[in-house]
Amino acid sequence: MMRQLTAFTKKELMQAVRSGRILILSILFCLFGIMNPAIAKLTPRMLEFLAEDMAESGITVGTVAVDATTSWTQFFKNMPILLIVFIIMFSNHLTEEYQKGTLINVLTKGLKQHSILISKMGVAVSVWTAGYFISFLITYGYNAYFWDNSAARHLAFSVFIFYLEGVWLITAIYLASAFFRSSSAVILTVGGMFCASYFIGFLPKLKEYVPTDLMNAGELILGKAEVETYLAPLLVTVVLILLNIVIYARSEFLHLCQ
């Protein structure tokens, strides 16, 4: 069984490579990793270049101080864009199998349903993990070269909790994929879950418990929030991730394969 599962996982990785998902995402994660410090480094020069035109409009631009926190702020602004791209690219990872009917062949060879599902989710989470931390390491390296990363408070924790936000949404992709045949339905479901969490966050008594609160992790590095502020949404997010995995692994998707 383990041999079959390993073989199926390798097949999923090769399929992700052949489809271009890994190549495109690798380029984007690396590009954004470079962009974060590049934008921070160029910001003072850009403002200096525009200062004269802005002065004519009555806007005075003072001296802009740039350090590692400027780059890390850019990191947390850019990462949601990559997360959206990731969700769109993996939204059909399971639904395309329904449409092609290829899962039936695998199941008839004795591979358990939950093994197939967990293998597919595991590949997506692995790609997100690798891409996310590659982008982080590139940004960290440039920041260490140009400035000093110690200026960013609670950096490791803030990077970790945003990473978990991504894992939550990725598990939501596969939970939705277990019940819907089309990638558009999957995207709408994941978007609905995100929006529900976001709007619940407007309720005073619940705003500190929603997973989407983790997207404000950039406030930690600026000293505008403390670690304790994010412990509750972190716990809720972990619980939701586990629930998504359990429901997904126990889902009956055979009728969708027909």
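Numbering starts at 1 and runs along the sequence shown.
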Sequence neighbours excluded and cut-off under 3.5 Å, please list the side-chain donor-acceptor pairs for residues 74-86, or say none.
residue : atom : partner : partner atom : Å
N78     : ND2  : N36     : OD1          : 2.8
N78     : ND2  : Q74     : O            : 3.4

Distance-only donor-acceptor hits, side chain of residues 156-165, under 3.5 Å, sequence neighbours excluded:
residue : atom : partner : partner atom : Å
S158    : OG   : H154    : O            : 3.1
S158    : OG   : L155    : O            : 2.8
Y163    : OH   : T129    : OG1          : 2.6

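Remark: the T171 side chain and the N244 side chain contain an N/O donor-acceptor pair separated by less than 3.5 Å.
Considering only residues two or more places apart in sequence or on other chains, L31 meets the side-chain contact (heavy atoms from CB on, under 4.5 Å) condition with M35. Residues satisfying the side-chain contact (heavy atoms from CB on, under 4.5 Å) criterion with K207, sequence neighbours excluded, are absent altogether. Residues forming a salt bridge (charged side-chain N to carboxylate O under 4.0 Å, His left out) with E226 (at least two apart in sequence, or on another chain): R153. Not counting sequence neighbours, the partners of S184 by the side-chain hydrogen bond (donor to acceptor under 3.5 Å, both in side chains) test are S182. Residues satisfying the ring pair (Phe, Tyr, Trp, His ring centres under 6.0 Å) test with F136, not counting sequence neighbours, are W72, Y140. Residues meeting the side-chain hydrogen bond (donor to acceptor under 3.5 Å, both in side chains) test with T69, sequence neighbours left out: D67. In terms of the side-chain contact (heavy atoms from CB on, under 4.5 Å) criterion, residue partners of C195 (sequence neighbours excluded) are, by chain and number, F199. For S71, the side-chain hydrogen bond (donor to acceptor under 3.5 Å, both in side chains) test picks out N143, with sequence neighbours left out.
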Show, in sequence, the C-alpha distance, side-chain angles and deciding distance for T139 and F32, and conclude whether the side-chain contact (heavy atoms from CB on, under 4.5 Å) test is met.
CA-CA 8 Å; T139 300; F32 275 69; over 6 Å; no
Go through L240 and V236 one step at a time and tell me if the side-chain contact (heavy atoms from CB on, under 4.5 Å) criterion holds.
CA-CA 6 Å; L240 288 176; V236 171; 4.0 Å; yes
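Considering CE of M121 and OG of S177, their distance stands at 9.0 Å, rounded to 0.5 Å. We find the CG-CG distance between L234 and D213 to be 11.0 Å, quoted to the nearest 0.5 Å. With rounding to the nearest 0.5 angstrom, the CE atom of M14 is 10.5 Å from the OG atom of S19. Atom CD1 of I34 and atom OH of Y142 lie 5.0 Å apart (nearest 0.5 Å). Note that CH2 of W168 is 12.0 Å distant from CG of L243, once rounded to the nearest 0.5 Å. Annotation: the span from L169 atom CG to T212 atom OG1 amounts to 9.0 Å, rounded to 0.5 Å.
Relative ring orientation between F194 and Y198 is described as parallel, the plane-to-plane angle staying below 30° on a 0-90° scale split at 30° and 60°.
Distance alone, capped at 3.5 Å, places no donor-acceptor pair between the Y209 side chain and the L235 backbone. S135 contributes a side-chain N or O that, together with a main-chain N or O of F29, makes up a donor-acceptor pair within less than 3.5 Å. Looking only at distances, no side-chain donor or acceptor of S197 sits under 3.5 Å from a matching main-chain atom of M193. The backbone N or O of F90 sits nowhere less than 3.5 Å from a side-chain atom of R21 that would complete a donor-acceptor pair.
Using a 4.5 Å cut-off between side-chain heavy atoms of Ile, Leu, Val, Met, Phe, Trp and Tyr, with links allowed through other members, I245 and I247 fall into the same hydrophobic cluster. Hydrophobic clustering (side-chain heavy atoms under 4.5 Å, transitive across Ile, Leu, Val, Met, Phe, Trp, Tyr) keeps V127 apart from I88. L25 is not connected to I27 by any chain of hydrophobic side-chain contacts under 4.5 Å among Ile, Leu, Val, Met, Phe, Trp and Tyr, and they are in different clusters. One hydrophobic cluster, built from ILVMFWY side chains closer than 4.5 Å, cannot hold both L23 and M89; they sit in different ones. Hydrophobic cluster membership differs between V190 and L188, with clusters built from Ile, Leu, Val, Met, Phe, Trp and Tyr side chains linked at under 4.5 angstrom.
V246 belongs to no hydrophobic cluster, as no Ile, Leu, Val, Met, Phe, Trp or Tyr side chain comes under 4.5 Å of its own. Hydrophobic cluster of L203: the remaining members, joined at side-chain heavy-atom separations below 4.5 Å, are I200, L206, V210, listed by chain and number.
Scanning both residues, Y248 and K120, for their nearest heavy atoms gives OH-CB, 4.1 Å. Contact detail for T237 and P233: the closest heavy-atom pair is OG1-O, 2.7 Å. The heavy-atom pair separating A225 from L220 by the smallest distance is O-CD2, 3.5 Å.
More than 12 heavy atoms of other shown residues, nucleotides or ligands fall within 6.0 angstrom of atom CZ in F202.
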